[in-house]
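I have placed the structure first, in the form of structure tokens, so that the comments after it can refer back to it.
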Amino acid sequence: MSVKNEKKFNVVYGEAVGAVAAHSFGEPSTQMVLRTFHSAGIASSVVTGLPRILELVDARKKQQSPIMTIRLEKSYAKNYEKAKQVKAQFEEVLVKSLLESFTEDLKNVTMLLEFSKEKLAQSDLTLKFISGKLQAKFESIETEQEGNKLKIKYKSKKEMKSARTMFVNMRNFAIKGLQGIKKATVQQDDDGEFYIVTSGSNMAGALEVDGVDKEHLYSNDMFDVLKVYGIEAARNMIANELKKTMDEENVSVGFRHIGLLADAMTYGGSIKSAGRHGIAGNKASVFARASYEETVKHFVNASVFGERDPLKGVSENILIGKQINVGTGRIKLAIKKEDLKKVDAEK
Amino acid sequence: MVVHEVLSESEAKKVSAEYNTPIDKFPKILQSDPQVIKIGAKPRQLIKIHREDPTGKYSAYRYVVESV
């Protein structure tokens, strides 16, 4: 349907848009479940179909396959060699990938890293460079170099527990490239322009790299988008990803329903999941929460803390059997006392 | 990129009257949001967002808050 025709169907006041959206979204996705399991056996590293939709709707912090699509600036886009140079700046080289072995001495709070000579030569790194990078990132440490070994200790006394997590963080630190980007590949589109696709997402880092088109950076990690471009971009990304996933499975759902879901998820300024830990779990009404999941928990808590329910929403009114405040149910009738007497007299 | 724009107090009142909703009941946007920092909006201001999606071009509004 064209945009012009859709304009004619502006929503009527009191329409239960949420319930309509839930129906419109839910029915085709049950169809999708059936189809998804029939096509099992097709190997793919990218999460699609229902698992992807669940991932988006649950707003998972760690998603299975974060992907960034990086467009290049005009002078880089047509040149394969230049695109390859940009690509080389993306792939991460972790400290732990260069190690032969490591020993943690938690009593004296030191760590001994033994680097492999071949691996260092392969990635064109020196111990001096690594120790400089580590000191710049973790300010409270000192390094000591002996041959192929690097001894790390703290300038001041440090608790065992926090030191231990810091040691792990140090080994997971990206000496080269962008933290979190496991792989990057150069690809070519139909117009002959080169662009980069990465496995792993780090938008803040990608914006710093020369040659990256800052206007057309795309990631499918909603929290990365939220951090770098803000809540509005995150809303658009969630809606577009949901639409894209549905389209890939040949299921069509109107964008306004998906947009409404994305709006609800980003209503408060941060991303909330749609389940019992997010939108549904934060409803004001006790009955509305109890009618969704964990019924007993909500009723017990409500009675212990003396919660009040003004019965303004939809599900709580359905639950207690009252007319819901939606559509024609919104209309209230009133009659003046004098007029009522007239009616009685006519009888 | 989505364009954000700060509304003056009188414009905010107009929007609030049009939607028959007090401005603090509009969807929220955090003070720490990158776009809010970019346009320099302050808490308790209303922001107009020029949205463009498959349903068409339209304006959305968000109310700046200090924290969630």
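Below, chains carry the letters A, B, ... as their sequence lines are ordered, and counting in each starts from 1.
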Set of residues satisfying side chain to side chain contact (heavy atoms under 4.5 Å, CB included) with respect to D213(A), sequence neighbours excluded: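 Here the qualifying residues are R71(A), E215(A), H216(A).
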Would the number of heavy atoms belonging to other residues, nucleotides or ligands and lying under 6.0 Å from [atom1] of [X] be above 12?
X	atom1	value
R44(B)	CZ	no
Y58(B)	OH	yes
E5(B)	CD	yes
K62(A)	NZ	no
D189(A)	CG	yes

Worked verdict on R62(B) versus I231(A) for side chain to side chain contact (heavy atoms under 4.5 Å, CB included): CA-CA 10 Å; R62(B) 278 183 189 270; I231(A) 191 73; 4.0 Å; yes
Proximal to chain A - members of residues 16-38 of chain B, heavy-atom separation under 4.5 Å: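 When heavy atoms of chain A are the reference, residues 16-38 of chain B contributes K25(B), F26(B), P27(B), K28(B), I29(B), L30(B), D33(B), P34(B), Q35(B) within the under-4.5 Å range.
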K243(A) bridged to D53(B) by N-O distance under 4.0 Å: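 D53(B) and K243(A): not salt-bridged.
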Chain B neighbours within residues 269-280 of chain A, where any heavy atom lies under 4.5 Å away: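 So far as heavy atoms go, G269(A), S270(A) are the residues that approach chain B to under 4.5 Å.
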Neighbours of chain B found in residues 200-208 of chain A - heavy atoms under 4.5 Å: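 No residue falls under the 4.5 Å cut-off.
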Max heavy-atom pair count under 4.5 Å with chain B, selected residue of N236(A), N240(A), T266(A):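 Option with the top pair count is T266(A).
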Any side-chain heavy-atom pair of E232(A) and I47(B) under 4.5 Å: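 No, too far: nothing below the 4.5 Å cut-off.
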